[in-house]
Structures are given as structure tokens and as C-alpha cells.
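See below for the structure under consideration.
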Amino acid sequence: MTKYDVVVIGAGPGGYVAAIRCAQLGLKTACVENWISDDGNPVLGGTCLNVGCIPSKALLDSSHHYHHIKHEAAEHGINISGATMDVNKMISRKAKIVKTLTQGINGLFKKNQVEWLKGKARLIDAHQIEITPSHDTHDEASVVETAHIVIATGSVPTRIPSAQCDGKLIVDSTGALKFNEVPKRLGIIGAGVIGLELGSVWNRLGSKVTVLEALPNFLSAVDKQIATEAEKALVQQGLDIHLGARVTGTGGNNHEVTVNFEDENGKQQMVFDKLIVAVGRSPNTFGLGAKEAGLEMDERGFIVINDKCQTSYENVYAIGDVVRGPMLAHKASEEGVAVAERIAGKSGHMNYDTIPWVIYTWPEIAWVGKTEEQLKSEGIEYNVGAFPFIASGRARAMAETNGLVKILSDKQSDRILGMHIFGPNASELITEGVVTMEFDGSAEDLARTIHAHPTLSEAIHEAALGVDGRTIHI
Ligand code: FAD
Ligand code: AMP
């Protein structure tokens with residue numbers, strides 16, 4: 001029987017990063033992965049590379065270019081008529097990007113001598129894993145022995161009985177990444193991150209998009225001022241967002257879907273050409289044998305871990321979407337690195353207070369730390385500095401003036417407690433807030449930092465000055 005120092009289960013951004021870091025630290029490492037791509041080949045990369053972060057951003061970028069050419073280029077004096085979208089080309093471009101990146105992980109595994117065990121893993125106990133080949137290789141199931149296990153089996157789209165996916169008219173996020181034409185009427189259940197990103201893609205390409213969201217508030221986890229601005233912008237772009245609308249059932253025929261929902265006006269019905277179910281994601285432990293092997297699971301199906309990511313067994317770790325915390329690729333990867341270092345006898349650093357969040361609508365929504373509402377409810381005294389992009393020279397030059405930067409700092413110490421951005425390239429800008437918070441920095445630290453002119457980041461500088469009432473350009 002082959003013996004390893006570490007076997008990682010799952011090769012998403014949590015698992016593949018953990019495996020590479022373990023190997024870099026001199027541990028004999030294998031990674032078990034059973035994902036089969038649409039063209040029938042085993043692939044690495046998990047949700048993020050195959051059906052998540054990367055393909056969704058590829059479509060967001062393509063649709064952004066199209067929308068810009070159609071609706072905004074003229075403002076720059078660029079007159080283009082007759083621009084059309086070749087949806088199949090857009091989808092095959094996305095597939096090519098996915099293939100290049102997933103093959104890149106193969107290369108990284110080879111370079112770092114991580115052994116890829118192709119198949120589905122099932123825990124036998126805290127040291128043994130059974131691997132059933134996922135491909136029709138006629139290979140027998142085998143058992144490997146290991147000193148440590150890292151479970152990184154990720155998550156899957158949450159299913160709801162009122163809208164069961166048929167893969168044709170009713171799809172989950174994976175199906176919504178490969179429509180071969182623009183649906184005329186597109187329904188989306190769930191105004192969360194995934195629903196809004198996919199809704200933006202198809203709205204820009206010409207779908208009439210309706211979003212049905214059960215909660216009464218838009219993006220309730222986001223700072224309220226930012227969420228209000230974002231909702232306004234998305235509605236202006238054409239998204240029809242119904243809040244307080246709980247979907248109760250679906251019906252229809254071979255060509256269209258009828259969606260029944262209830263809102264403050266009672267029972268309602270709408271008809272769509274396609275329906276995307278984007279009601280969140282659930283931890284994936286299907287067939288893993290976690291419970292049988294003695295691992296504690298919580299009532300929602302997450303594997304229970306301590307603050308070092310150890311499960312009920314100290315040599316068995318779990319990371320990423322299958323455990324508590326934000327379901328984000330970079331959170332999974334950072335936990336992967338931290339766990340690898342702990343296994344190798346180092347301390348392993350993970351700061352849950354500085355995980356950035358991004359929603360890749362346009363403008364983008366990004367934040368780190370606490371919202372104003374959280375600070376109020378926790379009774380923390382704070383100062384606020386804000387700066388709108390309309391007053392930024394660079395934003396004007398780009399014709400991207402919608403949005404603002406908002407900084408919240410502790411009233412006593414001035415330490416930054418939260419940064420919230422709605423605006424162009426917010427996904428890149430937020431890193432300034434993350435770095436400052438990681439260094440326990442203050443608004444004054446940012447205010448004293450020279451920012452290049454003209455840049456969008458000057459809005460952060462101005463917001464930091466604003467914490468102390470010293471903003472220059474408003
Ligand atoms: P996963 O990426 O889900 O990987 C788990 C892997 O484990 C899979 O490859 C699976 O095949 C494998 N596996 C499971 N069970 C077994 C088993 N028993 N044996 C062998 N292998 C197994 N996050 C961001 O940070 N930014 C974004 O922009 C973003 N966009 C997203 C867009 C969409 C449409 C979706 C769906 C998600 C998005 N996410 C985004 C979330 C992100 O994809 C996840 O947080 C991330 O992939 C979690 O990483 P993970 O390693 O925990 O799990
Ligand atoms: P997220 O978890 O960010 O992906 O968001 C998923 C969203 O779907 C949440 O805001 C939920 O409130 C919403 N949701 C869940 N179930 C339903 C339902 N039956 N009808 C409408 N919205 C729903």
C-alpha cells in the first residue's frame with residue numbers, strides 16, 4: 001500500500017493550493033480529484049476554475065466589452081454600428097480559458113511533485129482513504145495510507161424543491177455559464193453574488209432579466225449605503241429586482257417556465273424562457289464517508305473544525321467551502337496554505353477579519369471588515385470618511401463616475417474597521433483596505449500615503465482624509 005505524508009481530497013483552490021504548499025515543504029503529497037470536464041477528461045481546479053470564479057469572470061468581461069461598444073463607446077467619440085454578439089464564440093473562449101488554467105494546475109502538480117490520484121475518495125478512517133476511479137478505466141478501487149488528510153471537497157449549488165433543475169429550462173449556475181443563445185426572458189431566483197453576476201452577463205447581452213429574492217432587503221450582508229447605490233445602478237441597467245418574493249413552485253412546458261411566487265401583494269406568476277436557480281451553495285460531502293469515519297458535522301452539513309482547521313481527528317484537516325466561513329476561493333486557498341504549514345510544524349497564518357469580498361457587477365462592489373450597521377449593532381464608536389467617484393478626475397476621464405469609497409475607523413484609535421467600495425475596479429482597489437487592515441493601519445496612515453494622480457485610488461486617499469474632515473475635492 002502506498003504511504004503518504006499528506007493526502008488532500010479535492011483539487012479546487014483550497015485543495016490544490018494546500019497540496020502544492022505541502023509538497024514545497026518537503027512532504028510526500030497526493031491529491032485525489034474526480035472532476036470530469038464536459039469533454040470527458042479528468043480535470044483539476046474544482047468549482048473555481050471549471051464552473052465558478054474564472055468562467056463567470058470570462059463571461060462578465062466579454063459581456064462588458066459588448067455592452068460598452070453598444071452603449072458607451074459613442075461617448076468617447078467611437079462610432080460603431082451593427083455590433084453583434086456571437087454567443088457560441090463567447091462560450092468557447094470561456095472554455096479555452098478554463099482549459100488553459102486547469103492544465104496549468106497539472107503543470108504545477110508535476111513541477112512540485114504532487115501526485116494526482118484520479119478518482120473519488122472515501123474516508124475509511126483517520127489514516128486510510130479508498131479511491132474509486134472516476135473514469136471508465138476498469139481499475140479496481142484502491143486504498144492509500146497517510147499520516148495527514150486535508151479535506152477540501154468544496155460545495156455544490158443548493159437545490160430547492162420549488163424549482164428543480166432540469167438542465168434545459170431550469171438551470172443552476174453551471175448551466176447558466178453555457179447558454180448557447182441569449183434567453184429573451186430570463187428569471188433568476190436569488191439576488192446573491194452569483195445571481196447578480198450571471199444576471200448582469202445576460203442582461204448586458206439583451207435578456208430581460210427578472211430577479212426574485214425572498215429577503216426584503218437588497219444584499220443584506222453589504223453596507224446599506226453601498227447596497228442602496230448598487231441596487232439603483234443595477235435597476236437602471238435593466239435588472240428587474242423583486243425583493244420579498246419567495247418562489248413557491250414552477251411549471252410550464254418544453255419551451256417556457258412558469259414561476260409561482262409570493263410577495264406582499266399575494267400570489268404572483270411570471271413566465272420565462274430560462275430560469276437560473278442561484279439560492280446559494282451547500283457543503284459537498286456526498287460519498288465522502290465523513291460521518292461514518294467519525295467526523296463531526298453541523299446541522300447544515302459543514303464539517304466541524306477548530307480554529308486550526310482540525311476536524312474531530314487532529315491529523316485530519318478540512319478547509320474551504322466545506323467548512324464554516326465565507327465561500328470564497330481566496331479564503332479556501334489561504335486556509336490551504338495555513339494548514340500545509342501547520343502540518344509541516346510551522347504556525348500557519350489566517351486572518352478571518354481581513355477577507356475581501358467582491359461582487360463583479362459593474363460597477364463592482366467590494367468590501368473588507370465591518371459594515372456601518374454591524375458597528376452600530378455591536379456598539380462600536382466609529383468615524384466615517386466617504387468620497388464619490390464623480391469627484392475623481394480619473395473616474396471622469398474614464399466616464400465611470402458612479403459609486404463611492406467609504407472608510408470606517410475606530411473613534412478612539414483611528415484603526416480601520418471597514419472599507420466599502422462601489423465603483424470601477426473596486427475588486428482591485430479593495431486590496432488597499434485589506435493591506436492596511438492586515439497591518440492594523442489607521443485612516444491617518446492612508447491619509448498620509450501618497451497616491452499617484454490621476455488614479456481611482458485617490459478616492460481612497462480622499463475618503464481617508466474625510467474621516468477627519470479634511471477631504472480636498474468635495
Ligand atoms: P471547490 O472549488 O468546490 O473544489 C472541490 C473539489 O473537490 C472539486 O473539484 C470536487 O470534484 C472535489 N471533490 C469533492 N468530493 C470529492 C471526493 N470525494 N473525492 C475526490 N474529489 C472530490 N469565489 C471567489 O472568491 N470569487 C469569485 O469571483 C467567485 N465566483 C464564483 C462564481 C460562481 C458561478 C460560483 C459557483 C462560485 C464562485 N466563487 C467565487 C466561489 C468559489 O468557486 C468557491 O468558494 C471555491 O471554489 C471553493 O474552493 P474549494 O477548494 O473549497 O472547493
Ligand atoms: P447567496 O447565498 O449569496 O448565493 O444568495 C442566495 C440568495 O437566494 C439569498 O439572498 C436567499 O435569500 C435567496 N433565496 C433562497 N431561497 C429562495 C426562494 N425560494 N425564493 C427567492 N429567493 C431565495
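First listed ligand is number 1; within each ligand, the first listed atom is number 1.
- Polar contact check, Gly320 against ligand 1: no nitrogen or oxygen pair lies under 3.5 Å apart.
- With respect to Arg159 and Asp172, a salt bridge is recorded, a charged nitrogen being found less than 4.0 Å from a carboxylate O.
- Here is the list of ligand 2 atoms found below 4.0 Å of a heavy atom in Gly280: 2 (O), 4 (O), 6 (C).
- Under a 4.0 Å N-O distance rule, the pair Lys376/Glu373 does not qualify as a salt bridge.
- For ligand 2, the polar-atom distance check against Val247 finds a nitrogen or oxygen pair separated by under 3.5 Å.
- Around atom 18 (N) of ligand 1, the closest heavy atom drawn from Pro326, Ala121, Gly10 belongs to Ala121.
- If you check the side chains of Thr158 and Ser282, you find a donor sitting under 3.5 Å from an acceptor.
- For Ala245, every heavy-atom contact with ligand 2 shorter than 4.0 Å involves the backbone, none the side chain.
- Not a single heavy atom of Arg122 sits less than 4.0 Å from an atom of ligand 1.
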Can Ile91 and Leu177 be said to form a side chain to side chain contact (heavy atoms under 4.5 Å, CB included), step by step? CA-CA 8 Å; Ile91 299 291; Leu177 292 169; over 6 Å; no
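- We find that Glu256 and Arg185 are joined by a salt bridge, their nearest charged nitrogen and carboxylate oxygen being less than 4.0 Å apart.
- Looking at Cys53 against ligand 1, both its backbone and its side chain come within 4.0 Å, counting heavy atoms.
- The ligand atoms of ligand 2 that sit less than 4.0 angstrom from a heavy atom of Leu212 are 21 (C), 22 (N).
- In this comparison of Ala332, Gly154, Gly46, Ala152, the heavy atom closest to atom 53 (O) of ligand 1 sits on Gly154.
- For Ala176, the heavy-atom gap to ligand 1 stays at 4.0 angstrom or more.
- Annotation: Ile189 places no N or O atom under 3.5 Å from an N or O atom of ligand 2; distance criterion only.
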